[in-house]
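Reviewing the structure listed below.
Numbers for residues simply follow the sequence, beginning at 1.
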Amino acid sequence: MIRKFKENDLTDIMKLWLDTNISAHDFIPEDYWKNNFEMVKEILPQAEVYVFEEETDEQIVAFVGLTDNYIAGIFVRNDYQAKGIGRQLLDYIKEIKPSLKLSVYEKNISAIEFYKKADFVIESENIDEDNNEKEFVMSWDR
């Protein structure tokens with residue numbers, strides 16, 4: 001089930017954010033994510049966030065964070081990946097937004113392929129100044 005973020009979701013979402021970033025970005029030191037944890041925890045409730053909740057036990061297994069039409073990230077718990085949950089979240093926000101943008105690290109091949117399959121195109125590339133990693137800006141329009 002997909003629903004809007006509630007304040008009491010924050011602890012579960014932040015654990016998911018940290019675990020997923022560490023596992024998906026093994027090319028970035030773990031400390032980078034840990035050092036940004038508190039800042040993200042502070043700003044995340046101000047974003048537009050939708051969670052995917054397991055229907056049987058109401059456990060949050062994925063979420064997507066947006067700022068306007070920018071996808072800050074789609075995060076799916078490792079043991080729930082490749083089950084269509086990320087795609088369901090993406091389809092959900094595509095229904096409510098006429099266009100979307102995001103940044104994805106060049107080395108995150110699986111994420112790039114995921115977004116390409118969802119009709120996103122690479123618009124440009126740049127360097128993330130926080131960690132010197134090359135990233136692509138991708139976009140989708142209805």
Do [X] and [Y] sit in one hydrophobic cluster, given that two such residues count as connected whenever their side-chain heavy atoms are within less than 4.5 Å of each other, even indirectly?
| X | Y | result |
| --- | --- | --- |
| Leu102 | Tyr92 | yes |
| Val40 | Leu18 | yes |
| Ile22 | Met39 | yes |
| Phe5 | Ile43 | yes |
| Val121 | Ile109 | no |

Would you name the heavy atoms of [X] and [Y] that are closest together and state the gap between them?
| X | Y | answer |
| --- | --- | --- |
| Leu100 | Leu90 | CD1-CD1, 4.5 Å |
| Leu44 | Leu10 | CD2-CD1, 3.8 Å |
| Ser23 | Asn78 | OG-OD1, 3.1 Å |
| Ala118 | Lys94 | O-NZ, 2.7 Å |
| Gly65 | Val49 | CA-CG2, 4.3 Å |
| Ser103 | Tyr70 | OG-OH, 3.1 Å |

Between atom [atom1] of [X] and atom [atom2] of [Y], what is the distance when rounded to the nearest 0.5 Å?
| X | Y | atom1 | atom2 | value |
| --- | --- | --- | --- | --- |
| Glu135 | Ile122 | CD | CD1 | 12.0 Å |
| Asp119 | Ser139 | CG | OG | 11.0 Å |
| Trp33 | Asn131 | CH2 | CG | 7.0 Å |

Do Asp91 and Gln88 have side-chain atoms, one donor and one acceptor, less than 3.5 Å apart?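 Side-chain D/A pair, Asp91 to Gln88: absent.
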Ignoring hydrogens and angles, state whether a donor on the side chain of Tyr32 or Asn21 is under 3.5 Å from an acceptor on the partner side chain.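 Tyr32 vs Asn21: no donor-acceptor pair found between side chains.
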So do [Y] and [X] actually touch side chain to side chain, heavy atoms under 4.5 Å?
| X | Y | value |
| --- | --- | --- |
| Trp140 | Tyr115 | no |
| Val61 | Val76 | no |
| Leu89 | Ile2 | yes |
| Ile28 | Tyr105 | yes |
| Pro98 | Asp141 | no |
| Val51 | Ile13 | yes |
| Lys107 | Glu133 | yes |
| Met138 | Lys116 | yes |

Between Lys34 and Glu30, is the closest basic N to carboxylate O distance under 4.0 Å? yes
Give the C-alpha distance, both sets of side-chain angles, the deciding distance and a yes or no for side-chain contact (heavy atoms from CB on, under 4.5 Å) between Val64 and Ile93. CA-CA 9 Å; Val64 59; Ile93 62 173; 3.9 Å; yes
Is there a side-chain contact (heavy atoms from CB on, under 4.5 Å) between Arg77 and Ile85? Walk through the geometry before answering. CA-CA 10 Å; Arg77 208 169 82 185; Ile85 294 171; over 6 Å; no
Test Ile60 against Phe52 for side-chain contact (heavy atoms from CB on, under 4.5 Å), laying out the working first. CA-CA 6 Å; Ile60 295 171; Phe52 187 99; over 6 Å; no
Identify, with sequence neighbours excluded, every residue that meets side chain to side chain donor-acceptor pair (under 3.5 Å) alongside Lys15.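 With sequence neighbours excluded, Lys15 shows a side chain to side chain donor-acceptor pair (under 3.5 Å) to Asp19, given in chain and number order.
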Taking the cut-offs as 6.0 angstrom to the six-membered ring centre and 45 degrees off its axis, would you call Lys83 and Tyr80 a cation-pi pair?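 Yes; both conditions hold, so Lys83 lies above the ring face of Tyr80.
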Take atom CD of Glu123 as the centre, draw a 6.0 Å sphere, and report whether it contains more than 12 heavy atoms from other residues, nucleotides or ligands. yes
Using a 6.0 Å cut-off, check whether atom CG of Asn126 has over 12 heavy atoms from anything other than its own residue.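 Yes, CG of Asn126 has more than 12 neighbouring heavy atoms, counting only those of other groups under 6.0 Å.
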Can you list every side chain to side chain donor-acceptor pair (under 3.5 Å) pair that touches residues 36-53, not counting sequence neighbours? Arg3-Glu53, Glu48-Tyr50, Glu48-Lys97
Would Phe37 and Trp17 count as a side-chain contact (heavy atoms from CB on, under 4.5 Å) if you check the C-alpha gap in whole Å, the side-chain angles of each, and the deciding distance to 0.1 Å? CA-CA 9 Å; Phe37 184 89; Trp17 176 87; 4.0 Å; yes
Aromatic plane relationship, Phe75 with Phe63 - under 30° parallel, 30 to 60° tilted, over 60° perpendicular: parallel
